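All heavy atoms count here, side chains included; hydrogens, waters and symmetry mates do not. None of the values given here were measured: they were computed from a predicted structure. Nothing fancy with the numbering, it's 1 onward along the sequence.
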Amino acid sequence: MTPPNGPAPAPDDSPLPARPRLIATDLDGTLLHDDKYVSDRTIAALAAAEQAGIEVFFVTGRPARWMDVVSEHVHGHGMAICANGAAVVDLHAGGQLLQVRPLERDTALAVVQALRDAAPGTTFAVELTTGIHYEPAYPPFHQDPGATVATAEKLLQIQEQGQGQGQQAEDESTAPVVKLLAHHPDLTPDGFLTVARTAVGDRATITRSSPSALLEVSGPGVSKASTLALCCAQRGISSDEVVAFGDMPNDLEMLTWAGTSYAMANAHPDVLAAASGRTVTNNEDGVAIVIEQLVARRRADGH
């Protein structure tokens, strides 16, 4: 998209914080257009934020290997929180994993059993730090042609030492699980989420970001918000100094944790209700519009 002449104002109901130090933004449905690209206007806004001394974190449900869409636009910091908080990644270092908060395999197996019982017909995929693998009936990932296809129980099995079928099998049986994905062909997305949370309880964190009945399961206490809070604490940044953007239920905790938060106009109703402000849609560069306002205020204040 060609940037318009001058920054457009943020919507009237979107409060601007006095002195933000960090911007935390979701990607799909938020920063990215529906064609999965970053607009020229957004690229310029991200650069302006960095130049103004505002750190930018990409906070996404995507795995680290799917971050190439923004890896050229990371500017000074290059930090990303991936897999809904399960991984912290340095994009400047080619997606190097700095921290992993895994879903333990025995917990993942318990979740699989609970969802098979509560929602028959559920199929699963297992996202490892080394790649994704899925069950035969699970909607295939065309972006990952090298995936292993097997039952979730088989994919989550830990091979006894010396019993693997080569290096790849050993890697798959020992690599940390960053996310379990559960798909149902018939239930509504929010209905499936309610069923799953009731069945699993506090054994794992369950959320969703897809328009289909696709759930994302992380370790207990692992979320975009909890990992962002850890990263901010390491930098001496308080929640009041964070501006967050999102559109789907997996963004809810992050939006309520941040001192200032914006729901995209295209956001899920729960997100629209939870955020402290609202901006226009992802296809209208809603994140860029707010960043432009933040930077303009910072410059006007002499910072």
Side-chain angles (χ1 to χ4, degrees), residues 1-4 7-11 13-14 23-49 56-75 80-84 89 91 95 125 127 132 138-144 179 181 183 185 188-190 192-193 207-216 224 243-252 254-255 261-275 277-293:
M1 175 183 291
T2 302
D13 66 346
S14 298
I23 291 167
T25 179
D26 173 51
L27 295 182
D28 297 283
T30 301
L31 189 77
L32 305 181
H33 283 203
D34 288 345
D35 61 7
K36 304 303 180 184
Y37 286 97
V38 186
S39 73
D40 291 342
R41 183 177 188 177
T42 298
I43 292 170
L46 294 172
V56 176
F57 265 45
F58 299 123
V59 188
T60 178
R62 288 182 173 226
R65 67 185 184 284
W66 287 0
M67 294 299 290
D68 57 322
V69 68
V70 291
S71 60
E72 296 180 1
H73 312 305
V74 294
H75 306 290
I81 294 172
C82 297
N84 291 329
V89 176
L91 297 179
E127 178 73 54
I132 193 166
Y138 187 86
F141 271 79
H142 299 293
Q143 293 169 281
D144 296 274
K179 188 163 61 170
L181 299 168
H183 177 267
T188 65
D190 287 334
F192 190 24
L193 181 60
T207 188
R208 75 175 191 87
S209 61
S210 171
S212 65
L214 176 63
L215 305 184
E216 301 162 65
K224 290 185 176 185
V243 182
F245 298 87
D247 73 306
M248 288 297 280
N250 65 329
D251 297 314
L252 279 169
M254 178 176 73
L255 295 175
S261 59
Y262 293 86
M264 313 306 291
N266 52 282
H268 186 281
D270 291 349
V271 174
L272 291 168
R278 186 181 301 185
T279 186
V280 296
T281 69
N282 60 316
N283 288 328
E284 297 173 288
D285 294 324
V287 174
I289 288 174
V290 176
I291 292 176
E292 289 164 357
Q293 293 294 305

Contacts of type salt bridge (charged side-chain N to carboxylate O under 4.0 Å, His left out), residue Asp190, not counting sequence neighbours: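 Counting only residues at least two positions away or on another chain, Asp190 forms a salt bridge (charged side-chain N to carboxylate O under 4.0 Å, His left out) with Arg208.
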Candidate pair Leu215 and Thr207, rule side chain to side chain contact (heavy atoms under 4.5 Å, CB included), full reasoning: CA-CA 6 Å; Leu215 305 184; Thr207 188; over 6 Å; no
Using a 4.5 Å cut-off on heavy atoms from C-beta on, say whether the side chain of [Y] contacts that of [X].
{"X": "Thr25", "Y": "Phe57", "answer": "no"}
{"X": "Phe58", "Y": "Leu27", "answer": "yes"}
{"X": "Val290", "Y": "Phe245", "answer": "yes"}

Determine yes or no for a side-chain-to-main-chain donor-acceptor pair under 3.5 angstrom, with [X] supplying the side chain and [Y] the backbone.
{"X": "Glu216", "Y": "Asn84", "value": "no"}
{"X": "His33", "Y": "Asp35", "value": "no"}
{"X": "Asp34", "Y": "Gly29", "value": "no"}

Residues in side-chain contact (heavy atoms from CB on, under 4.5 Å) contact with Thr42, at least two apart in sequence or another chain: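 With neighbours one apart ignored, the set is Leu31, Val38, Ser39, Leu46, Asp285, Ala288.
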side-chain contact (heavy atoms from CB on, under 4.5 Å) against Ser210, all qualifying residues, sequence neighbours excluded: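 Here the qualifying residues are Ser212, Leu214.
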Atom pair OG1/CG of Thr188 and Leu193 - distance to nearest 0.5 Å: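 So the gap between those two atoms works out to 9.5 Å.
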Stepwise side chain to side chain contact (heavy atoms under 4.5 Å, CB included) test for Leu252 and Lys224: CA-CA 9 Å; Leu252 279 169; Lys224 290 185 176 185; over 6 Å; no
Aromatic ring pairing His183/Tyr138, orientation class (parallel under 30°, perpendicular over 60°, tilted between):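 Ring orientation, 0 to 90° scale: perpendicular.
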Test side chain to side chain donor-acceptor pair (under 3.5 Å) applied to Thr30 - qualifying residues, sequence neighbours left out: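 By the side chain to side chain donor-acceptor pair (under 3.5 Å) rule, Thr30 matches Asp26, Asp247.
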Test log, rule side chain to side chain contact (heavy atoms under 4.5 Å, CB included), inputs Met264 and Thr279: CA-CA 5 Å; Met264 313 306 291; Thr279 186; 3.7 Å; yes
Ile289 and Arg41: CA distance, side-chain angles, deciding distance, side chain to side chain contact (heavy atoms under 4.5 Å, CB included) verdict: CA-CA 9 Å; Ile289 288 174; Arg41 183 177 188 177; 3.8 Å; yes
Sidechain N-carboxylate O distance under 4.0 Å for Glu127, Arg62: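 Here Glu127 does not pair with Arg62 in a salt bridge, since their nearest N and O are not under 4.0 Å apart.
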